[in-house]
Every structure is written in structure tokens, then in C-alpha cells.
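What follows is a single structure, written as C-alpha cells, with notes after it.
If you read the sequence from its start, that first residue is 1, and numbering goes on from there. Since the structure is predicted, the reported quantities are computational estimates derived from the model, not experimental observations.
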Amino acid sequence: MAVNLDALRPGFTDDPYSVLKSLRESGPVHRVETLGVPMWLVTRYPDVRAALDNPLLSSHGSALAEPLRGHPHFASWWFGDLSDHMMNSDEPDHTRLRRAVSSELTPRRIAALRPRVEQLAASLADSFVEAGSCDLIADFAAPLPITVIMELLGVPAVDQENFRYWADVVTGLADGDAASAREETSGYLHDLVTHKRTSGDDDLIGALARATGDAALSDRELASLSFLLLVAGYTTAVDLVGNGALALLRHPEQLELLQRSSSLLPGAIEEFLRFDGPTSHLLRFAAQPLTIGGVQIPAGDVVLLSLASAEHDGNRYPRADQLNIERADRQHLAFGHGIHFCLGAPLARLQGEVAFRTLLDRCAGLALDPAQPLGWRVSLGSRGLRTLPVTFRTKPTMPLDEQATIKVPKPM
């Protein structure tokens, strides 16, 4: 009998880990259902990691998955005419698209963003530190990455207010008319690509729009890529900061440890990504019959890879359910594995490092506000907060520690 994931909400949204632990311990693969669609849930680390790099599992949709298209739970996977991006492609298209993007989204371009990210984080902190309380999502974790993404893509300043509103509604960070926001986002990104073809702008879309040869992308591909960067780049950074902050607040001994030694921050970022990462589940589709965890999966069936479950697999990580910012094993799956390893991982890490360093430097006695509830987004693919109310005491402004830098683990 299939497990109905929808029937488990809101508990499954607020805390999926207890449900996933029970499933993981009872077997590696389970029949589940969401939005009326049956699928196979893969729960254990070795099986999830192998499946992420299995060519028999496609990133394209199948007929069984049609009811999922257009639903907010799956907005980051399918989005009408903005779906022609790397996340939804297989070889050889995937390599072509990834090579084109990686030629412009270089380590040098990302590293050059650091001063601007630090400036934005400091400015945002200035706006709320004197109050002694804030919503850490709305006041800090969300405006920081959306501003970075808009500037990276080359969204003109005059359009940024509307663009952020559409982004917030599309990603579930704000209420609104989702269908209208999707339509507006699509139209805007297609118009932006057309403009960038001839603008000569030195931003990411502008550079990709001028690429030639094998790196040349169609209008639809470039608009789709822009949308992928918007959704994945925005929500990943928001959720890294939001989920990581919540983890620290629920483990005050770890917060105290990090406050005493900022050199632990790079490792803490990796532990946040493992412990309660931004991406909880990924969809794949059986291109051919295959076996996962001893279970036969027919061709065309939907496969749901549970990163959230894999990252809490006690056979992979000692005391996996405990937050440990000194954990030596940093080879998590938060950014995927294999050909789909996230190109934006260095940018997410950069923003996470700057965000947490700013909070640690500016806010003392950081604690959850007991008078305000937490609010989670309802999504199967991503896991993140809509609201995170906190209280704190203002600390004197101190310069950022220039010595601590993120050491990025190499993709497995």
C-alpha cells in the first residue's frame, strides 16, 4: 500500500525527518503518493547517491508525472516555457547547456561578488539590529540573495521591485496569484533575453546572450536558465541561512561554539547543508526498467530521491540526527552528485558565509521569538521557512573576519 505523503501534512512539512527515518529503517525503497501521483521513494544514502548518477534515470518528465506540472510543489522542476534548463535535461543536451553556463558563471565571477554581498548584508543588518528583533527570512535571508541574483542576471534597477514580488510568489515565500506571477515572470524573462542580445551589458545573461558556437543558447534556453538561477539560486541561499539559523537556535551549544570560534564557520555551513538542506527531494524518471535497493522499477515510473532521508542515514553519518558543526565528514549530497552537481554551489556558500558572519558579528543572544510562530513553505522539492522570528541584543559593529574563507569540497 502506498504511503500518502499529502495526508501526512502539515507534520511532514514541519518535520519530515521522523517519517523518513521510519521509512528508511523499514526498507530502502517505498511506494508513495503525492498529488494523486504514485512514485518510488528512495531513502538510503548509498541508493540515493548512486541514483543521482544513474543514466537509466532521466531528468525528463513522463506521462505519469503530467498531473504534477504547474503545481507549486514542483515549480522548480517544470515551469511551462521556462523548463529547457539543465535540471530537466539529459545527455547530450545537459553537457552542452552546462558547458555554456560554466564558461560564464566562473569562480572568478562569483568571487568578485564578495564585496557586494558583504555590503548588502551589512546594510540589511543596519536596518534591523537596533530593534532587537526581526523576521530573519523577510528582513535578511530573502532580500540578500534575491538582490544578488537580480544583479548577477542583469535585471534593471527599475524592474527589481516587481521582479522580487514575482520571485517571492513563484517560490512560495509570499502569498499572491501564483498563475499570474508565473505568467509575468515568463514574459519578463523572455523580454529581458531579447534586450540582452543587443545591449552589450556585462552581466551573466548579457554574456551568455552574446556567446557563439557551441556556447550559443536559444532564447527559450536562456530564459529557462535565468529562471533556474532565479528559483534555485534564490531559494537555496534563503533556505541555507534560514534552516541553518534555526538549527543553531535549536542547538544553543552549537551556536555558542560557533560564536567562540568563527574559524568553524566553513564547516558549519557544510553541516547546515547536510542537517537540514535546502533541497529535500529530487524527481527522476525510469528511462528503462531498473533495480534500486533490490526493488524492480518499471520503465516510465516516477522516482523520488530523498536527499533529506539520505543525509540522516545513520549508516553513513555517525549520530546523523545531531547537529555537529565540527563534523569531519563534509561529503554531503545537498548540491547533488554527478553530472547534475549544482553549478551555483560556490555562490550559495559565499552568501551563507557572509550572512552568518554578519549575524554573529552584529547580533548577541540570538534566540527564537517565543511570541511568534515559525512558518514553513509547502514544497516537496525544497525545504525552507517563510518566517523565522528572532530576538537579540545589538553588538558593536565589528569588521568582518577577513581570514576565514570557505574551502569548497570538490564534487564527488
Side-chain angles (χ1 to χ4, degrees), residues 2-3 5 16-17 19-32 34 38-62 64-65 74 76-77 86-95 98 232 236 270-271 273-318 320-321 327-343 345 380-383 408-412:
V3 176
L5 298 180
Y17 296 104
V19 173
L20 292 172
K21 180 178 181 179
S22 177
L23 292 171
R24 183 175 62 248
E25 291 178 348
S26 64
V29 181
H30 296 270
R31 198 64 166 158
V32 299
T34 184
M39 56 188 69
W40 300 96
L41 177 71
V42 184
T43 62
R44 296 178 181 174
Y45 183 97
D47 298 315
V48 171
R49 186 178 185 276
L52 286 169
D53 206 23
N54 190 331
L56 297 182
L57 288 172
S58 170
S59 296
H60 286 300
S62 70
L64 289 175
F74 300 92
S76 60
W77 285 310
M86 293 176 293
M87 194 171 178
N88 288 339
S89 64
D90 299 322
E91 297 292 22
D93 282 342
H94 179 273
T95 294
R98 187 180 181 92
T236 296
E270 303 309 314
E271 178 67 349
L273 289 164
R274 181 205 69 84
F275 182 75
D276 197 9
T279 302
S280 51
H281 295 85
L282 290 173
L283 279 180
R284 292 292 186 268
F285 309 92
Q288 300 177 31
L290 76 157
T291 301
I292 301 178
V295 176
Q296 298 292 321
I297 297 178
D301 274 17
V302 184
V303 179
L304 189 63
L305 306 178
S306 182
L307 304 187
S309 178
E311 302 286 46
H312 281 243
D313 188 340
N315 291 322
R316 175 62 178 81
Y317 302 102
D321 291 333
R327 189 180 297 275
D329 185 351
R330 301 181 185 179
Q331 296 298 322
H332 53 72
L333 300 175
F335 293 123
H337 169 68
I339 67 169
H340 286 284
F341 186 87
C342 178
L343 277 176
L380 191 61
S382 62
R383 173 165 169 75
V408 180
K410 295 181 178 179
M412 293 178 286

- In Arg316, Glu270, Arg49, the residue satisfying side-chain contact (heavy atoms from CB on, under 4.5 Å) with Gln331 is Arg316
- Check for a donor-acceptor pair, side chain of Ser280 on one end and backbone N or O of Leu380 on the other, with a separation under 3.5 Å. yes
- Atom CZ in Phe341, atom CG in Leu333: separation rounded to 0.5 Å? 9.5 Å
- Message: Restricting to side chain to side chain donor-acceptor pair (under 3.5 Å), what partner residues turn up for Glu271, sequence neighbours left out?
- Response: Arg274, Arg327
- In terms of the angle between their ring planes, are Phe275 and Tyr17 parallel, tilted or perpendicular, with boundaries placed at 30° and 60°? parallel
- Item | From Arg284 atom CZ to Ser59 atom OG, the distance as rounded to the nearest 0.5 Å | 4.0 Å
- Item | Any side-chain heavy-atom pair of Ile339 and Arg98 under 4.5 Å | no
- Closest heavy-atom pair, Thr34 versus Met39, reported as atoms and distance to 0.1 Å, is CG2-CE, 3.5 Å
- Working to the nearest 0.5 Å, report the span between OG of Ser309 and CG of Leu41. 7.0 Å
Side-chain donor/acceptor pairs under 3.5 Å, residues 286-295, sequence neighbours excluded:
from: Thr291; atom 1: OG1; to: Gln296; atom 2: OE1; distance (Å): 3.2
from: Thr291; atom 1: OG1; to: Gln296; atom 2: NE2; distance (Å): 2.8

- Side chains of Leu304 and Val42 in contact at under 4.5 Å (non-hydrogen atoms): no
- Item | Cationic N near anionic O, under 4.0 Å, Asp301 to Arg31 | yes
- Message: Can you confirm whether His30 sits close enough to Thr43 that some side-chain heavy atom of one is under 4.5 Å from a side-chain heavy atom of the other?
- Response: yes
- Item | Partner of His281 by side-chain contact (heavy atoms from CB on, under 4.5 Å), out of Leu305, Val48, Leu20 | Leu20
- Task: In sequence, state the C-alpha distance, the side-chain angles, and the governing distance for Leu52 and His340, and then conclude on side-chain contact (heavy atoms from CB on, under 4.5 Å).
- Result: CA-CA 8 Å; Leu52 286 169; His340 286 284; over 6 Å; no
- Smallest heavy-atom separation, Leu273 atom then Pro278 atom, equals CD2-CD, 3.9 Å
- Message: I'd like to know if the side chain of Ser26 and the backbone of Ser22 have a donor-acceptor N/O pair within less than 3.5 Å.
- Response: yes
- Close side-chain approach of Pro16 to Leu5, heavy-atom, < 4.5 Å: no
- Rounded to the nearest 0.5 Å, what's the gap from CG on Asn54 to NE2 on His337? Could you check? 10.5 Å
- Message: I'd like to check Tyr317 versus Asp329 (side-chain heavy atoms, cut-off strictly below 4.5 Å). Are they in contact?
- Response: yes
